[in-house]
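Working notes, structure below.
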Protein chains: 2
Amino acid sequence: MDLETVKSKLHAMNFRLTQERELVLRTLMESGEMFTAMQLYDRVKEQYNKVGLTTVYRLFEVLTKLRLVTPFLIDGEIYYTFCQGGHHHHFVCLDCHRVKNIYGCEMDTRDFADLGKVEYHRMDLFGHCENCQGSVQPC
Amino acid sequence: MDLETVKSKLHAMNFRLTQERELVLRTLMESGEMFTAMQLYDRVKEQYNKVGLTTVYRLFEVLTKLRLVTPFLIDGEIYYTFCQGGHHHHFVCLDCHRVKNIYGCEMDTRDFADLGKVEYHRMDLFGHCENCQGSVQPC
DNA sequence: AGCTTATAGAAAATGTTTTTCTATAAGGCG
DNA sequence: CGCCTTATAGAAAAACATTTTCTATAAGCT
């Protein structure tokens, strides 16, 4: 998904794509990584030396509403990764925190109708990506 | 899993099963629900009027180390549910926060070897359980 | 029973997230 | 293009969640 698509989704909900949000969004989308609010703030800061922490928190809030971001809980910390459209699962590298999307979910939630009415599901794999395997220093 | 089994697992790691921990653990295990630290503290308090919040936090910490508890991130809040032994997936009721375990995972992580080395995975279904469907007031 | 040491719990400290407030700029409209 | 309305930025404060500290207690081994 490109920035323009995100922009139109924001506009559709009466949110604005400010210069600050664009910088943060770019950093998030281009990285392929997941970040805590503080980590993304630091990353943007070192690249552009702009944008406040509050702005990052508020962008996560907005993107969560639009389901453009997926949260992960790892070691008690909340990470967010940019969420390409369409249902998919995730492979998360525990070293570099890069996220790969896995498409082609074959699950039929009707198989679980005896448990209740399934609204949604998620599946996440955790491990070490090709780049990080065997390397002393994760990429 | 019963309390005695948990007790022995605690002892094996040189942790003690105090009266306070036993009350909290009982409440957690018997409920089948997931709780935030504060919620479990409140529940134990109203039942027994004992046990401090710090104790609940510390018990979650210990149980997490022993992998006897699984954390969930829902609406920015961290919930914990007691974790029966053995690999399984979850069905979480978004209304009453009861958790049902789903055994019989057929996934072969080798199918994803091209993504990296998979250490573990989890799958969670979210929806409305039989009891909560259609009821005005969730059970 | 006595001894060692993990734990309880209150209080303080820490860290994270949200709110408040004012200036600014996004973007719609004429 | 310039004006107008209103969402947003960001600093500071507040609120909230979690961890640490410290001392008394009790778990559980010998």
Side-chain angles (χ1 to χ4, degrees), chain A residues 3-4 6-28 34-66 68-69 71-80, chain B residues 3-4 6-28 34-66 68-69 71-80:
Chain A
L3 207 61
E4 282 307 306
V6 177
K7 187 171 181 173
S8 64
K9 282 179 188 279
L10 284 168
H11 283 174
M13 295 283 280
N14 206 28
F15 294 120
R16 292 176 184 174
L17 185 57
T18 62
Q19 295 180 337
E20 290 81 2
R21 284 184 176 175
E22 186 168 332
L23 291 184
V24 180
L25 205 43
R26 259 217 166 72
T27 307
L28 179 65
M34 59 185 189
F35 297 90
T36 64
M38 188 61 85
Q39 286 173 344
L40 185 51
Y41 166 74
D42 285 338
R43 180 73 64 94
V44 172
K45 193 177 174 186
E46 78 186 20
Q47 279 188 16
Y48 305 104
N49 201 28
K50 287 184 72 171
V51 185
L53 180 56
T54 313
T55 298
V56 176
Y57 274 106
R58 280 191 282 229
L59 183 61
F60 277 155
E61 189 187 346
V62 167
L63 294 177
T64 299
K65 273 188 189 137
L66 296 174
L68 286 173
V69 113
F72 288 84
L73 180 63
I74 299 180
D75 289 333
E77 302 250 55
I78 302 177
Y79 293 82
Y80 294 88
Chain B
L3 207 61
E4 281 309 305
V6 176
K7 187 171 181 173
S8 65
K9 281 179 187 279
L10 284 168
H11 283 173
M13 294 284 279
N14 205 28
F15 294 119
R16 292 176 184 174
L17 184 57
T18 61
Q19 295 181 339
E20 290 82 2
R21 284 185 176 174
E22 186 168 331
L23 290 184
V24 180
L25 205 43
R26 257 213 167 75
T27 307
L28 178 65
M34 60 185 186
F35 297 91
T36 63
M38 189 60 85
Q39 287 173 345
L40 185 51
Y41 166 73
D42 286 338
R43 180 73 64 93
V44 172
K45 193 178 175 186
E46 78 187 20
Q47 279 188 17
Y48 306 103
N49 201 30
K50 286 184 72 172
V51 184
L53 181 56
T54 312
T55 298
V56 176
Y57 274 107
R58 279 191 282 229
L59 182 61
F60 276 157
E61 188 188 348
V62 167
L63 294 177
T64 298
K65 272 188 190 136
L66 295 174
L68 285 174
V69 113
F72 288 85
L73 181 63
I74 299 181
D75 290 332
E77 302 250 56
I78 302 177
Y79 293 81
Y80 293 88

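Model, not experiment: these values are computed from the prediction. Note on naming: letters A, B, ... go to the chains in the order of the sequence lines (proteins, then strands), and numbering restarts at 1 for each one.
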Validation row: B/Y80, B/T64 side chains within 4.5 angstrom (heavy atoms): yes
Side-chain touch B/L17/B/V6, heavy atoms, less than 4.5 angstrom: no
Set of side-chain hydrogen bond (donor to acceptor under 3.5 Å, both in side chains) partners for A/R26, sequence neighbours left out: A/E22
Determine all donor-acceptor pairs shorter than 3.5 Å in which one atom belongs to a side chain in residues 48-61 of chain A; sequence neighbours excluded.
none

Close residues, residues 19-28 of chain B, relative to DNA chain C [heavy-atom separation under 4.0 Å]: B/E20, B/R21
B/T18 vs A/F15, nearer the 5' end of DNA chain D by closest nucleotide: A/F15
Ring pair (Phe, Tyr, Trp, His ring centres under 6.0 Å) partners for A/F72, two or more places apart: A/H90
Partner set under ring pair (Phe, Tyr, Trp, His ring centres under 6.0 Å) for B/F15, not counting sequence neighbours: none
Distance in angstrom units between [X] [atom1] and [N] [atom2], rounded:
X: B/L73; N: D/dA17; atom1: CG; atom2: C1'; answer: 14 Å
X: B/M13; N: D/dG28; atom1: CE; atom2: P; answer: 16 Å
X: B/E77; N: D/dA17; atom1: CD; atom2: C1'; answer: 10 Å

Residues touching DNA chain D, which here means a heavy atom under 4.0 Å, drawn from residues 48-57 of chain B: B/T54, B/Y57
Rounded to 10 degrees, the angle between the two terminal axes of the helix from C/dA1-D/dT30 to C/dG30-D/dC1, each from five pairs: 50°
Closest non-hydrogen atom pair between A/P71 and B/L73, with its separation: CB-CD2, 3.7 Å
Pairing residues for B/E4 by the side-chain contact (heavy atoms from CB on, under 4.5 Å) criterion, not counting sequence neighbours: B/D2, B/K7
Comparing A/L17 and B/L17 on DNA chain C - which has the more 5′ nearest nucleotide: B/L17
Salt bridge (charged side-chain N to carboxylate O under 4.0 Å, His left out) partners for A/R43, two or more places apart: A/E33
Start and end of the DNA chain C segment that chain B contacts, any atom under 4.0 Å from a heavy atom: C/dT5 to C/dA11
